[in-house]
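Below you'll find the structure, written out as structure tokens, and then a few comments.
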Protein chains: 2
Amino acid sequence: MNDSPRRKELTRQAARLFVREGFDRTTVRMLAEEMGIKSGSLFHHFRDKQEILAAVIEAGTRNAIAIAHDALETCDRDPEARLHAMARAHLETLLTDRNAHVVALYEWRRLDDEARAHLAHLRDAYEALWEAVIDEALAAGLIHGDRFLVSRFVMGALNWTVRWYDPAGARSPDELAGELIGMLMAPRG
Amino acid sequence: MNDSPRRKELTRQAARLFVREGFDRTTVRMLAEEMGIKSGSLFHHFRDKQEILAAVIEAGTRNAIAIAHDALETCDRDPEARLHAMARAHLETLLTDRNAHVVALYEWRRLDDEARAHLAHLRDAYEALWEAVIDEALAAGLIHGDRFLVSRFVMGALNWTVRWYDPAGARSPDELAGELIGMLMAPRG
DNA sequence: GATATAACCAAGCAAGCGCTAGTGTGAATA
DNA sequence: TATTCACACTAGCGCTTGCTTGGTTATATC
């Protein structure tokens, strides 16, 4: 529809509600109240309720890609540093944009076909970053196993962090990233 | 409410619908039609819609615990065999009871407080099996890393398999289990 | 053959749903 | 000054929701 700052803020607030209540249980009246407007006014900013969901997921995925991209550009070239940078970046998006990621994981199926196809491309672009870095680590002998399986395994472990990782807890994203990839690597020395 | 065979069968069918449509989008009329009865009759078997969800998740978790228990009792005593047995058992419940597990993962938040507390105990019992086996493997030096993190990492990777693992595909649960734990272990030889 | 019980049905209520139509308003643009 | 535009409002339509009610039927038990 458009890209106004107002819409961005509304999207952020919608994400919070979608996490708290789930997409289907979140009514347009609840969304409107959270946003401080009446339910009818919502449809000035979004075509329908589905479009709000798509906007939430799109914002989250773009954020993840941007952070991962930055991390890869500023880190060392060796495979371990690149793995570490990707893992840390992933945990950092959970910190800065947790709601959107939870929504993406749990409410993906509620997207209509068109939005799903569009967003699948974005998500694939993010996973491609991971797969490239995993390929390098495999080639360097840093980790071992089947390419496809390592990638699923790592994505699973990382996505699962939304269930238990507390950014305010004992471990920083940087520390946690180190421990996670250390687990996969052959013992040093 | 009760434990009749009829109710068990209805629970199984409800699980399929919950996976296909999601809990909130599945209406009592859809459930009834799938079961070959009228919507009013549903409430003879279940107090309300929430209770159907709880029944689905409870059945799935009990199945997972039973299979894991059997696997541990019939396998060798060494830590690698026990890790392998647990991973294979997990993938086998995905094969025999996939719908219930998908529902447990995606619709957990839709449970009311009472059911959630009850089922959390069951789920903890399952995870405790895993944690014991992981502890043994750590103590034996088979894998390395922080106890808490290894356990979350492994649970994440395994639960994520519902998104991509195709039991009819190229890899049997046994093979896949081997590859997954091989990834975590220090290279042999 | 009377009684109990589990399983089902038809009909519908009260509440809530996504969304639309039509209108008002203050600020920017011509 | 006249027009446009973004943004918000009120009111409510048409439909679906989970669940209840009051009653019927098949099967088993005494």
Side-chain angles (χ1 to χ4, degrees), chain A residues 1-57 59 103 106-116, chain B residues 1-57 59 103 106-116:
Chain A
M1 221 168 189
N2 63 41
D3 227 49
S4 65
R6 182 86 175 113
R7 187 174 142 122
K8 279 211 173 101
E9 172 59 17
L10 297 178
T11 301
R12 227 181 44 82
Q13 290 183 281
R16 203 171 64 235
L17 259 183
F18 288 161
V19 168
R20 205 165 70 206
E21 307 284 339
F23 176 71
D24 290 321
R25 286 173 117 83
T26 304
T27 69
V28 293
R29 287 165 180 81
M30 289 162 66
L31 286 165
E33 192 173 4
E34 190 84 358
M35 298 166 179
I37 57 180
K38 300 293 173 182
S39 72
S41 311
L42 237 172
F43 296 90
H44 172 74
H45 300 280
F46 301 93
R47 186 156 17 97
D48 53 25
K49 194 187 163 192
Q50 293 256 358
E51 194 177 87
I52 308 180
L53 176 61
V56 166
I57 296 180
V103 170
Y106 283 89
E107 313 290 355
W108 183 264
R109 301 270 318 272
R110 256 76 258 162
L111 292 166
D112 57 50
D113 291 345
E114 190 187 319
R116 185 156 49 229
Chain B
M1 219 167 188
N2 64 42
D3 226 51
S4 65
R6 181 84 177 114
R7 187 175 142 121
K8 278 212 173 101
E9 172 60 17
L10 296 179
T11 302
R12 227 181 44 81
Q13 291 183 281
R16 203 171 63 236
L17 259 183
F18 287 162
V19 168
R20 205 165 70 207
E21 307 284 339
F23 176 71
D24 290 320
R25 284 174 117 81
T26 304
T27 68
V28 294
R29 286 164 180 82
M30 291 163 65
L31 286 165
E33 191 173 5
E34 190 84 359
M35 298 165 178
I37 57 179
K38 299 294 173 183
S39 71
S41 313
L42 237 172
F43 296 90
H44 173 73
H45 300 280
F46 301 93
R47 184 155 20 98
D48 54 24
K49 193 187 165 193
Q50 292 256 358
E51 194 178 84
I52 308 180
L53 176 61
V56 166
I57 296 180
V103 170
Y106 282 88
E107 312 289 354
W108 183 264
R109 300 271 319 270
R110 254 78 258 161
L111 291 166
D112 56 51
D113 291 345
E114 191 187 316
R116 183 156 50 227

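Note on naming: letters A, B, ... go to the chains in the order of the sequence lines (proteins, then strands), and numbering restarts at 1 for each one. Keep in mind that this is a model prediction, so the values were computed, not measured.
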* What pairs with A:A115 under side chain to side chain contact (heavy atoms under 4.5 Å, CB included), at least two apart in sequence or on another chain? -> A:A54, A:L111, A:D112

* Structure fact -> Taken in chain and number order and not counting sequence neighbours, the residues that satisfy side-chain hydrogen bond (donor to acceptor under 3.5 Å, both in side chains) with B:Q13 are none

Show the distances under 3.5 angstrom between N or O atoms of the protein and N or O atoms of nucleotides 22-27 of chain C.
none

* Structure fact -> Sorted by chain and residue number, the side-chain hydrogen bond (donor to acceptor under 3.5 Å, both in side chains) partners of B:R116 (sequence neighbours excluded) come out as B:D113

* Could you pull out all residues at least two apart from B:R20 that satisfy side-chain hydrogen bond (donor to acceptor under 3.5 Å, both in side chains)? => none

* Tell me, for nucleotides 8-23 of chain D in 5' to 3' order, what letter each nucleotide earns: B for a base near a protein heavy atom under 4.0 Å, S for only sugar-phosphate near one, - for neither? -> SBB-B----BBBB---

* Asked: Can you name the residues that form a side chain to side chain contact (heavy atoms under 4.5 Å, CB included) with B:V19, not counting sequence neighbours?
  -> B:N99, B:V102, B:V103

List, one per line, each side-chain donor-acceptor pair under 3.5 Å for residues 28-35 of chain B, sequence neighbours excluded.
from  : atom 1 : to    : atom 2 : distance (Å)
B:E34 : OE2    : B:R16 : NH2    : 2.5

* To do: Using salt bridge (Lys or Arg N to Asp or Glu O under 4.0 Å) as the criterion, list what pairs up with A:E9, not counting sequence neighbours.
  => A:R12

